[in-house]
There are 2 protein chains.
Amino acid sequence: MSTRPLFHPDLESVTIVGVLHALADPVRLAIVAELRRARDGLNCVETINRIHAATPKSTCSQHFQILREAGLIRSERKGVELSNSLRFDEIESRFPGLIDSILHARDRESANRR
Amino acid sequence: MSTRPLFHPDLESVTIVGVLHALADPVRLAIVAELRRARDGLNCVETINRIHAATPKSTCSQHFQILREAGLIRSERKGVELSNSLRFDEIESRFPGLIDSILHARDRESANRR
DNA sequence: CTAGATAGTTCGGTTTTCCTGGACAACTGA
DNA sequence: TCAGTTGTCCAGGAAAACCGAACTATCTAG
C-alpha cells in the first residue's frame with residue numbers, strides 16, 4: 001500500500017454534483033449504505049464483502065477514492081488497512097436530509113424488487 | 001426533428017442509480033430544477049435559455065434524452081418542439097422526498113457560494 | 001530477522017461513455 | 001415555396017471507467 005497522504009476535501013468544497021456522481025454507481029451506493037449502517041470504520045475488503053460485491057481490488061480502490069474525493073467518506077490508515085467511515089454529520093450539516101433520502105430511495109427500490 | 005417515438009420508462013423500472021446518474025451533471029440538474037419550478041411544459045431551447053447554459057444543441061438533445069430515459073421527465077411533441085415536464089408526482093410516489101432534497105441541496109450550495 | 005500473508009495502490013491497456021460539429025428532418029409562418 | 005426554428009442522427013475525438021498484474025507497506029509466525 002502506498003503511504004501517500006489521503007486527500008479529503010473540506011466541507012465547503014463538497015458539491016452536490018460531485019456527491020451525486022459518486023453515488024451514481026451501484027457498488028459505491030452500496031458501500032455508502034453499509035458505512036451508514038456501521039458504527040465504526042470498516043476497511044475496504046470488509047465493506048466489499050458485506051455488500052456481496054465481486055469487484056476486483058483495483059476497482060474497489062478506485063471506488064473508495066472517488067467516494068473520498070467527493071467528500072462522502074473519511075479514510076484513515078490503520079496499519080495495513082484503511083478505516084473508512086461516512087462523513088455523515090458533516091454532509092448532513094451541509095445538505096440536510098440528502099444522504100438518507102437517497103438511501104431510503106434505494107431501500108424502496110430493492111424492497112419493490114422482491 | 002425525427003419523428004421516432006420517444007421512449008419513457010414506466011415508473012417501476014425507474015432506478016435510483018439511473019436517477020442519480022441523470023442528475024450528476026450540472027446542466028441536467030439545472031434543467032430539472034427549472035422544470036420543477038415551471039408550471040407547464042418547456043421546450044428544450046427555452047429551458048436551456050432559462051438556465052443560462054451555453055451548451056451546444058446536440059449536447060442538449062442528449063441531456064434531455066438521458067433525463068427522459070432515466071424516467072425523470074416526460075417529453076411530448078408539440079409541432080416542431082418538445083414539451084418537457086418533470087414527472088414529479090410519479091417520482092415522488094416511488095422515491096418520496098428524493099427530488100426536492102436534491103434540489104434543496106443544490107440551492108444551498110449556490111446560496112453558500114455568494 | 002525472515003518468510004508469508006494481507007490490504008491497498010499504481011500502472012497500462014482496453015472498453016465504454018461523453019461531447020460536439022455538421023448534416024439532416026419536421027414543422028411554421030410569410 | 002422558402003426561410004427560420006426546433007430537435008435528432010451520426011461520426012470523430014476526448015475523457016472516464018474497468019481490471020489484471022506488478023508493486024508497496026504492514027503485520028504475524030516461526
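So you know, we letter chains A, B, ... as the sequences are listed, proteins then strands, and number each from 1. Worth knowing before you read on, the calculation uses all heavy atoms, side chains too, and leaves out hydrogens, waters and symmetry mates.
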Undergrad: Take B/Cys60 and A/Pro56, find for each the nucleotide of DNA chain D with the closest heavy atom, and name the residue whose nucleotide sits nearer the 5' end.
TA: B/Cys60
Undergrad: Quickly work out the B/Lys57 NZ to C/dC18 C1' distance and round it to whole Å.
TA: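 Going from NZ in B/Lys57 over to C1' in C/dC18 covers 19 Å.
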Undergrad: Tell me the interatomic distance from A/Asn49, atom CG, to C/dT6, atom C1', rounded to whole angstroms.
TA: 13 Å
Undergrad: C/dT17 P sits how many Å from B/Ile66 CD1, rounded?
TA: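 Rounded to whole Å, this separation is 11 Å.
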Undergrad: Does any non-hydrogen side-chain atom of B/Pro96 lie less than 4.5 Å from one of A/Arg108?
TA: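 A side-chain contact under 4.5 Å exists here.
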Undergrad: In whole angstrom, give the distance that lies between atom CD of B/Gln65 and atom C1' of D/dC9.
TA: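 So the CD-C1' distance, B/Gln65 to D/dC9, works out to 10 Å.
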Undergrad: Is the cationic atom of B/Arg68 (NZ for Lys, CZ for Arg) positioned less than 6.0 Å from the six-membered ring centroid of B/Phe7 and within 45 degrees of its normal?
TA: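 Cation-pi check for B/Arg68 and B/Phe7: fails.
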Undergrad: Using whole Å, what does the distance between atom P of nucleotide C/dT9 and atom CG of A/Leu67 come to?
TA: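 Taking CG of A/Leu67 and P of C/dT9, I get 12 Å after rounding.
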Undergrad: Could you check how far CD of B/Glu81 sits from P of D/dG4, rounded to whole Å?
TA: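 Distance, rounded to whole Å: 18 Å.
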Undergrad: Please determine whether a side-chain nitrogen or oxygen atom of B/Ser61 lies at a distance below 4.0 Å from atom OP1 or OP2 of D/dG7.
TA: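 Checking D/dG7 against B/Ser61, no side-chain N or O comes under 4.0 Å of OP1 or OP2.
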Undergrad: Distance check needed: C/dG8 P versus A/Ile48 CD1, whole Å only.
TA: 10 Å
Undergrad: For A/Arg77 and C/dG8, what is the distance between atoms CZ and P respectively, to the nearest whole Å?
TA: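 To the nearest whole Å, that distance equals 10 Å.
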Undergrad: In the structure I gave you, are the side-chain heavy atoms of B/Ile73 and B/Ile31 within less than 4.5 Å of one another anywhere?
TA: no
Undergrad: Which nucleotide sits closest to the side chain of A/His21: D/dG7, D/dA17, D/dC19?
TA: D/dA17
Undergrad: Where the side chain of A/Gln62 is concerned, which of D/dT8, D/dC19, C/dT6 is the nearest nucleotide?
TA: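 For the A/Gln62 side chain, the nearest candidate turns out to be D/dC19.
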Undergrad: So, under a plain 3.5 Å distance rule, would you say the side chain of A/Ser58 forms a donor-acceptor pair with the base of D/dG20?
TA: yes
Undergrad: Nearest to the side chain of B/Asn43, heavy atoms from C-beta on, is which of D/dT8, C/dA7, D/dG7?
TA: D/dG7
Undergrad: Using the rule side-chain contact (heavy atoms from CB on, under 4.5 Å), only one of A/Ile48, A/Asn49, A/Thr47 pairs with A/Val45; which is it?
TA: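 That would be A/Asn49; it is the only one of A/Ile48, A/Asn49, A/Thr47 passing the side-chain contact (heavy atoms from CB on, under 4.5 Å) with A/Val45.
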Undergrad: Between C/dC19, D/dT5, C/dG8, which one does the side chain of A/Cys44 approach most closely?
TA: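 My answer, after comparing the listed nucleotides, is C/dG8.
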Undergrad: I want to confirm an ordering. Mapping A/Leu42 and B/Asp25 to their closest nucleotides on DNA chain C, which one lands closer to the 5' end?
TA: A/Leu42
Undergrad: Could you tell me whether B/Arg36 sits above the aromatic face of B/Phe88, with NZ or CZ closer than 6.0 angstrom to the six-membered ring centre and within 45 degrees of the axis?
TA: yes
